[in-house]
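First the structure, in the form of structure tokens, and then the observations on it.
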Amino acid sequence: MAIRIVITDDHAVFRSGLRALLEREDDFEIVGETGSGVDTIKLAEEMEFDILLLDISMPDLSGARVAEALLEKYPALAIIILTMHEHEHYLRELLQIGARGYVLKKSTGTELVQAIRSVFRGDMYVDPSIAGLLVSSYVGKPASKQESGGLQCLTPREKEICRLLALGFTNSEAAEKLFISLRTVEAHRGNIMAKLDLKTRAELVRFAIDNGLLRSD
Amino acid sequence: MIVTRIWERILSVPIYVKILGIGILVTFLFGAVSYYGIRASMYRTHYGIHAETVLSIARSLSSRVGKLIETGDAAAITEEIALVIRTFPDVRYVIIQGKDEQVLGHEFTFPTNIPADLMLKQDALCASCHTNPEAGELRSDLYAVPSEIVVPDARFQLWSRPGGLILEVATPVPSGGTVRVGAGDTIIQREITAVSQSLLFSLGVCLVIGQTLAFGLAYAIVRPIQNLLQATNRLRTADFDTRARVYSDDEIGRLAQAFNLLAGELRTYRREVEEKEKVRVSLIERIVRVQEEERKSVARELHDQLGQSLSSVLLSVQGLRRDGVLPEDRYSRVEDEVRGLIDQVRRLAWDIRPSVLDDYGLDSALQRFVEDVSKRIGIPFDYQSVYPVELERLPNHIEVTLYRVAQEAIMNIVRHAEAHRASVVLFRHSHEIILIVEDDGRGFEAGLVFRDKDAALGLLGMKERVELIRGELTIESEVGKGSAVRIKIPLTGEL
């Protein structure tokens, strides 16, 4: 039994190239080919197929919206994203929506064939060249440093200044708000950074978030 | 120094004080001078006349009593003396002496007792009839005034006592003997006092009238000036419809008219400037918008058209590889080249305008940009956002502006700051959005940065873009202490 495939891409030349490539596989059958997401949704109402090769950037409806619409109606449909976008945000969003594969257009044809086969089997497939993005986004950012004492080692004044800086006040605004001099704020800020072993304002903000300093706002 | 300071102090008192002060000063000076002048001349003339009067009394008395002295008619002498004293109320005493200076008759009209001094002074005379009063009981109420006026046939002597001056005139009787007449100055005093009082009263009246007039004048001068001052202050707060009241047609009035003309011209000028500013802003807005649209469409074109075409080429090559006309590695080389091209196109599109910014918003795009720069430049850039997902996405033009300004600020750090670390923080609140780009580099003097034309243009451009969306850009920096650029954009009202 052949794997029934539909190709959705606004580029006709690309589609025909892709069709030529895939039709060489004996067990693949290209049952449809559309140039827009709207057509694909229409097509899905008329016929059944196993795999949808879907581009992300399309003029009328983006790949993400098409995938959402289709998966809502046909949860079992296997969608493989075939795109030029190499960024983590696209990858994450499409996988969250429920796409089962993510392949870059610049990868080799064998990789696409492999992706179609494993997705058809029920596995997931993410292009090896960007699978690393997923891992790093799972590992995420390092948590703010806790070993250096945390909130307790700050005086109330330092805590207040820490909070203001983490809320986006400039040094002079913080000075004005607390009725102290700019120099004092700078000195406090230096102390805070040293005590908490923080190097940048971004780290300070992270520290403030982790320690609930921004919550009362 | 001190003189200038005092002068400045005097000059800085209010105008009405100056005018009133001058009025009071002039009135007082004039009053004092004329008061003392008039008094002095009155004294001079009155006392002159007084002396002549007393002299003529003494003379006429002496001509009348010559025969009586010779006959020794004491009763008649006393009668003459009484007549003189009755006739002239200011005559205090009359003494008539015979050839041997013995007292033939005398009379005193002092209100109380006869002054003891007088008796002492004339002790030889008085002792002939009166017992010499004891020294301890003497009341010293007569003092000799040193000036003695000498007239050939008379001797003047002045005595002063608390009740006033006593002028004594002694004239010889032709046939022998002396007539001495002492006269007080009560009438003169009364006269002069009365004149002085009326003079003072007139001065007082003049002062009151003068000051009232001066006050009116001061008010008339000061009021238009104050009115003008208030109008000027209103003008300063950009109230260009304000007008000063024109009270009169003098210098101040003309000043007020000139002020009103000025205010009118300022309003026109200001309107023109506003008009031009509006045009300028809308022009910049359009340039920015067109530029961004252009970038967006170019990026799309590159990414979606050129990129796709290259992808198709890649597919074709892969198809050809299957046909296997050429050796395997030739295909691989072409495929790799095409892949390189795709990467270049992708990066180019990304640099022109990242698709993430449109598809996923500012937070994602900034994070991505910061990571890219960190990797490419080697300065650790730290990115942190406080970006609650439940808040809806910002309008596109705000996102694009913030992204571009952040880009500029980050590239400034890369180019100029020599920083070891830098961080980008994005705060999304419901009412505003704040972006802070900070570094620990060499910093700059906020004022001096505008000397460097490129940096100045960059900063001005950032400021301009931020102001287009009603935001504010703040720069905090000091040499050696790094710098911080903060952009704050209110999210209230229509965006």
Side-chain angles (χ1 to χ4, degrees), chain A residues 9-24 55-59 62 64 82-90 92-93 104-110 112 141 144 165-173 182 186 190 198-209 214 217, chain B residues 300 303-305 307-316 318-319 321-322 335 338-339 342-343 345-346 349-350 354-356 359-361 364-365 367-368 370 380-386 420-427 429 432-436 438-440 474-476 478 481 484 486 488:
Chain A
D9 196 300
D10 56 323
H11 253 246
V13 185
F14 182 80
R15 282 203 308 269
S16 60
L18 193 60
R19 178 189 273 267
L21 185 81
L22 294 181
E23 271 176 347
R24 291 162 186 266
D55 190 14
I56 291 181
S57 307
M58 286 184 295
S62 84
L82 188 54
T83 180
M84 284 182 61
H85 287 291
E86 291 184 23
H87 297 307
E88 160 191 358
H89 290 102
Y90 293 95
R92 253 198 320 218
E93 190 194 9
L104 297 179
K105 282 185 179 170
K106 68 174 186 186
S107 40
T108 59
T110 43
L112 180 59
K141 287 190 193 304
S144 72
L165 292 177
L167 278 174
F169 281 65
T170 63
N171 289 354
S172 37
E173 278 175 352
L182 179 60
E186 283 170 359
L198 302 175
K199 298 284 186 296
T200 64
R201 190 193 277 256
E203 287 182 356
L204 185 84
V205 172
R206 251 187 318 274
F207 171 85
I209 297 171
L214 304 186
D217 198 37
Chain B
R300 276 264 154 84
H303 191 274
D304 295 349
Q305 301 302 320
Q308 293 278 45
S309 304
L310 286 171
S311 300
S312 307
V313 173
L314 194 61
L315 278 182
S316 307
Q318 284 172 1
R321 182 205 287 262
R322 298 258 173 129
E335 277 180 24
V338 175
R339 279 198 195 97
I342 291 178
D343 275 340
V345 166
R346 234 174 21 78
W350 181 269
S355 52
V356 173
D359 294 341
Y360 293 97
S364 309
Q367 180 176 0
R368 176 69 203 210
V370 170
F381 263 89
D382 198 353
Y383 178 79
Q384 178 64 49
S385 65
V386 180
H420 301 294
R421 279 166 204 289
S423 75
V424 179
V425 184
L426 185 69
F427 303 88
H429 305 297
E432 65 181 4
I433 182 153
I434 297 174
L435 172 77
I436 299 179
E438 271 187 356
D439 69 83
D440 62 355
T474 320
I475 296 174
E476 249 181 28
E478 230 179 289
K481 285 192 174 175
R486 192 192 61 175
K488 194 174 185 177

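Numbers restart at 1 for each chain; the letters A, B, ... are given by sequence-line order, proteins then strands.
Listed options A:N171, A:D9, A:V13 were ranked by heavy-atom pairs under 4.5 angstrom with chain B; first place goes to A:N171. Annotation: maximal heavy-atom pairing with chain B below 4.5 Å, among A:K105, A:M58, A:M84, A:E93, occurs at A:M84. Between chain A and the residues B:E335, B:R368, B:K481, the largest count of heavy-atom pairs under 4.5 Å involves B:R368. Here B:L315 is the residue among B:L314, B:V313, B:L315 with the most heavy-atom pairs under 4.5 Å with chain A. In terms of heavy-atom pairs under 4.5 Å with chain B, the best-connected choice from A:L21, A:V205, A:L182, A:T170 is A:T170. Counting heavy-atom pairs under 4.5 Å between each of B:D439, B:I342, B:D359 and chain A puts B:D359 at the top.
Residues A:D55 and B:Q308 form a side-chain contact, since some pair of their non-hydrogen atoms from C-beta on lies under 4.5 Å apart. Under the 4.5 Å side-chain criterion, counting only non-hydrogen atoms from C-beta, A:H85 is in contact with B:H303. Two residues are said to be in side-chain contact when any heavy atoms from C-beta on lie closer than 4.5 Å; B:V356 and A:Y90 meet this criterion. At least one side-chain heavy atom of A:E86 sits less than 4.5 Å from a side-chain heavy atom of B:D343.
Distance check, rounded to the nearest 0.5 Å: CZ of B:R421 to NZ of A:K199 gives 5.5 Å. Of the inter-residue distances, the one linking B:E438 atom CD with A:L204 atom CG reads 9.0 Å to the nearest 0.5 angstrom.
Remark: the backbone N or O of A:G168 is paired with a side-chain donor or acceptor of B:R486 at under 3.5 angstrom. In this structure a side-chain-to-backbone donor-acceptor pair under 3.5 Å is present from A:H11 to B:D304.
Using modelled atom types and a 3.5 Å distance limit, the side chains of B:E476 and A:S172 yield a donor-acceptor pair.
The minimum heavy-atom distance between A:L167 and B:I434, with the atom names listed, is O-CD1, 3.8 Å. Closest of all the heavy-atom pairs between A:F14 and B:S311 is CE1-CB, 3.4 Å. Annotation for A:A202 and B:S423: closest pair N-OG, 3.4 Å, computed over non-hydrogen atoms.
Only the backbone of A:S107 comes within less than 4.5 Å of a heavy atom in chain B; its side chain stays farther off. Only the backbone of A:A166 comes within less than 4.5 Å of a heavy atom of chain B; no side-chain atom from C-beta onward does. When heavy atoms are compared at a cutoff of 4.5 Å, B:A422 approaches chain A solely by way of its backbone atoms N, CA, C and O. For chain B, the nearby part of A:L165 is the backbone; its heavy atoms alone come within less than 4.5 Å.
Using the six-membered ring where Trp is involved, B:W350 and A:H87 have ring planes that are tilted, between 30° and 60° apart.
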_Between A:R206 and B:D382, is the salt bridge (Lys or Arg N to Asp or Glu O under 4.0 Å) condition met? List the steps._
CA-CA 11 Å; A:R206 251 187 318 274; B:D382 198 353; 2.8 Å; yes
